[in-house]
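Below, chain A is the first sequence line, B the second, and so on; all start at residue 1. Here the structure is a predicted model, which is why all the values come from computation and not from measurement.
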Number of protein chains: 2
Amino acid sequence: MPDQTTCQFEARPRRIALAGAHRSPEYCLTCGVRARSVCSVVDDADIARLAETAVETLVLPGRCFIEEGGPATDFFNITSGTVKLFKALPDGRRQITGFAGTGHFLGLAVSDHYAFGAEALDTVRLCRFSRARMRHLLDDFPRMERRLLEEASNELVAAQNQMLLLGRKTARERVASFLLDRMQDALDPTGVVPLPMTRADIADYLGLTIETVSRTLSWLRREGMIAIGKGHAIHIAAMPRLEALASGDA
Amino acid sequence: MPDQTTCQFEARPRRIALAGAHRSPEYCLTCGVRARSVCSVVDDADIARLAETAVETLVLPGRCFIEEGGPATDFFNITSGTVKLFKALPDGRRQITGFAGTGHFLGLAVSDHYAFGAEALDTVRLCRFSRARMRHLLDDFPRMERRLLEEASNELVAAQNQMLLLGRKTARERVASFLLDRMQDALDPTGVVPLPMTRADIADYLGLTIETVSRTLSWLRREGMIAIGKGHAIHIAAMPRLEALASGDA
DNA sequence: GACCAGAGTTGATCTGAATCAATGCCCGAA
DNA sequence: TTCGGGCATTGATTCAGATCAACTCTGGTC
């Protein structure tokens, strides 16, 4: 169980939980929850109630905070950072089923065991609710339920796109699609795509090997479609060609 | 636009729509809705209101009733039969993202365009709601929303499993997983798996070619794990070996 | 700076599934 | 009964991406 401390920035002190190897104090991120994920659908009284119930947690890079197949006790809302969601086979083969960023909810599973694992890519802050409490909150605030349904619908659409990618696209089409998706996600119209994940993560997300991802990125660079910067960032140089490639027109 | 007629089995006549080449009269399936999909979560008043809003439609085999990318006007509940959901690339490559049977809801998309197409495998009966009306119904009956959230969560888990299959499993593992999934779905513990879809559908679902599906089924037969009956049914002869193969243990 | 470990790139070779091709099996129509 | 067309099976060959292997780059530590 993580350490507990209190927040210096709230009128009323709130619990904060720290997870990971380094246990340095962290601010309560109730304000983060308010600003980023919940306030758009529930009113202030709802937020107060949510904050009451949540325990803010800090997760360090590389740390796995949901274990695939483990008992599904909690429900999470990410307040900052990025996590990877994955499933694995007994022999170690892995499939990353998605990346979740600020504002996303995790742990919707109807079953009482998590259907996937989750690991922090960078330093992640998240709100942790017990599932029992979450259920009561949903009873009281139907608008919260609508918010979750919308998110689930969007994830379902993303999952269908990913199935098309994994089942029917070539390696080049997969990498091109991935870069464009990431750009959409980053909301950066200048064409700079931040890639906080390793080549291994990209490979496990696209159903390829590290070597194929690397070769394909090199090929895209030689073709003049992208420029590979330092520190895990890629610049898209020829958007239309990349889009044509991603959609299978080429 | 489909023909409209009235139902002989309701005290108050109800509209029925017929789609497809043969336009024979069909019973109103409000009772089907009541029995199979909605009554477990909403009360009788809710059902009356739902039935009021729905138009029952008959869809013939092979007919596509949701066009990928088309305007998302309606929301569907399947009252009998099986449909395939799919996405396609411009050059014709297809990925079937799932099969939906009795009781399933379709058309959840948040966007105003369908993200996938849907086609009837056999004769399908479904209730069609306008999305605007559906929204009002959800406002009135929060329990309906919970039902949809549960269904979406389950589909999300299925989608994640499918991503693992498409990204990381071999052809043999894919076919074995598919047969076991279908058996779960059919709820037939005797090990007989009905396959209402063609080899082409199976291939498009598993990210393989027709030939590979056929070869793999023949291999499973030679290995004694299955027996291939007539008329699209398969008998599972060695469940434990098939399960080991499906989960990648072999 | 020197060292080291992990991440990434590039080349050579192999292989599982795709592709190309031929044949068999139904089943409905004439 | 024969014919024809869609679906399925099986065989031969090809190829995209995996695997195996060598090497380079980077960033952190001493």
Legend entry - Shortest side-chain distance from B:Thr212, nucleotide among D:dG17, C:dA18, C:dT10: C:dA18

Inset, instruction - Could you please spell out the steps behind the ring-ring contact (aromatic ring centres under 6.0 Å, His included) verdict for B:Tyr205 and B:Phe99? - result: CA-CA 9 Å; B:Tyr205 182 57; B:Phe99 298 100; 4.9 Å; yes

Inset, instruction - Look at the side chain of B:Ala171 and decide which nucleotide, out of D:dA18, C:dT9, C:dA17, has an atom nearest to it. - result: C:dA17

Legend entry - Distance in angstrom units between B:Ile234 CD1 and D:dT9 P, rounded: 8 Å

Inset, instruction - May I have the distance from B:Leu206 (atom CG) to C:dA17 (atom C1'), rounded to whole angstrom? - result: 13 Å

Inset, instruction - Would you kindly give the CD-to-P distance between B:Glu173 and C:dA17, to the nearest whole Å? - result: 9 Å

Inset, instruction - Check whether any side-chain nitrogen or oxygen of A:His232 sits under 4.0 Å from OP1 or OP2 of D:dT26, and answer yes or no. - result: no

Inset, instruction - For A:Leu217, answer base if it contacts any base atom (sugar-phosphate contacts may also be present), sugar-phosphate if it contacts only those atoms, and nothing otherwise; contact means non-hydrogen atoms under 4.0 Å. - result: nothing

Legend entry - B:Ile234 side, atom CD1; B:Phe178 side, atom CZ - distance, nearest 0.5 Å: 8.5 Å

Legend entry - Atom-to-atom span, CD of A:Glu211 to P of C:dG11 - whole angstrom: 14 Å

Legend entry - Approximate separation, where rounding is to 0.5 Å, of A:Arg172 CZ and A:Thr212 OG1: 11.5 Å

Inset, instruction - Measure from CD1 on B:Ile210 to P on C:dC25 and round the result to the nearest Å. - result: 19 Å

Legend entry - Distance in angstrom units between B:Ile228 CD1 and C:dC26 P, rounded: 13 Å

Inset, instruction - Using a heavy-atom cut-off of under 4.0 Å over every strand shown, decide if A:Thr209 touches base, sugar-phosphate, or nothing. - result: base

Inset, instruction - Indicate, yes or no, whether a donor-acceptor pair under 3.5 Å links the base of C:dG11 to the side chain of A:Arg215. - result: yes

Inset, instruction - Write down the distance between CZ (B:Arg168) and P (C:dA17), rounded to a whole number of angstrom. - result: 14 Å

Inset, instruction - Name every residue in residues 86-99 of chain A that has at least one heavy atom under 4.0 Å from any atom of DNA chain D, in order of residue number, or write none if there are no such residues. - result: none

Legend entry - Atom pair CG (B:Leu217) and CD1 (B:Ile226), whose distance is rounded to the nearest 0.5 Å: 5.0 Å

Inset, instruction - Describe the nucleic acid contact of A:Thr198 in one word from base, sugar-phosphate, nothing, applying a heavy-atom distance below 4.0 Å. - result: sugar-phosphate

Legend entry - 5' priority, DNA chain D, between A:Thr170 and B:Ser214 [closest heavy atom]: B:Ser214

Inset, instruction - Verify the distance criterion only: is there a donor paired with an acceptor across the side chains of B:Ser177 and B:Lys169 at less than 3.5 Å? - result: yes

Legend entry - Integer-rounded Å distance: D:dA8 P and B:Leu208 CG: 15 Å

Legend entry - Per A:Arg199 side chain, nearest of listed nucleotides C:dA17, C:dT9, D:dT9: C:dT9

Legend entry - Ring centres under 6.0 angstrom apart (A:Phe76, A:Phe105): no

Inset, instruction - Using atom types as modelled and distance alone, determine if a side-chain donor or acceptor of B:Asn154 lies under 3.5 Å from a backbone N or O of B:Leu156. - result: no

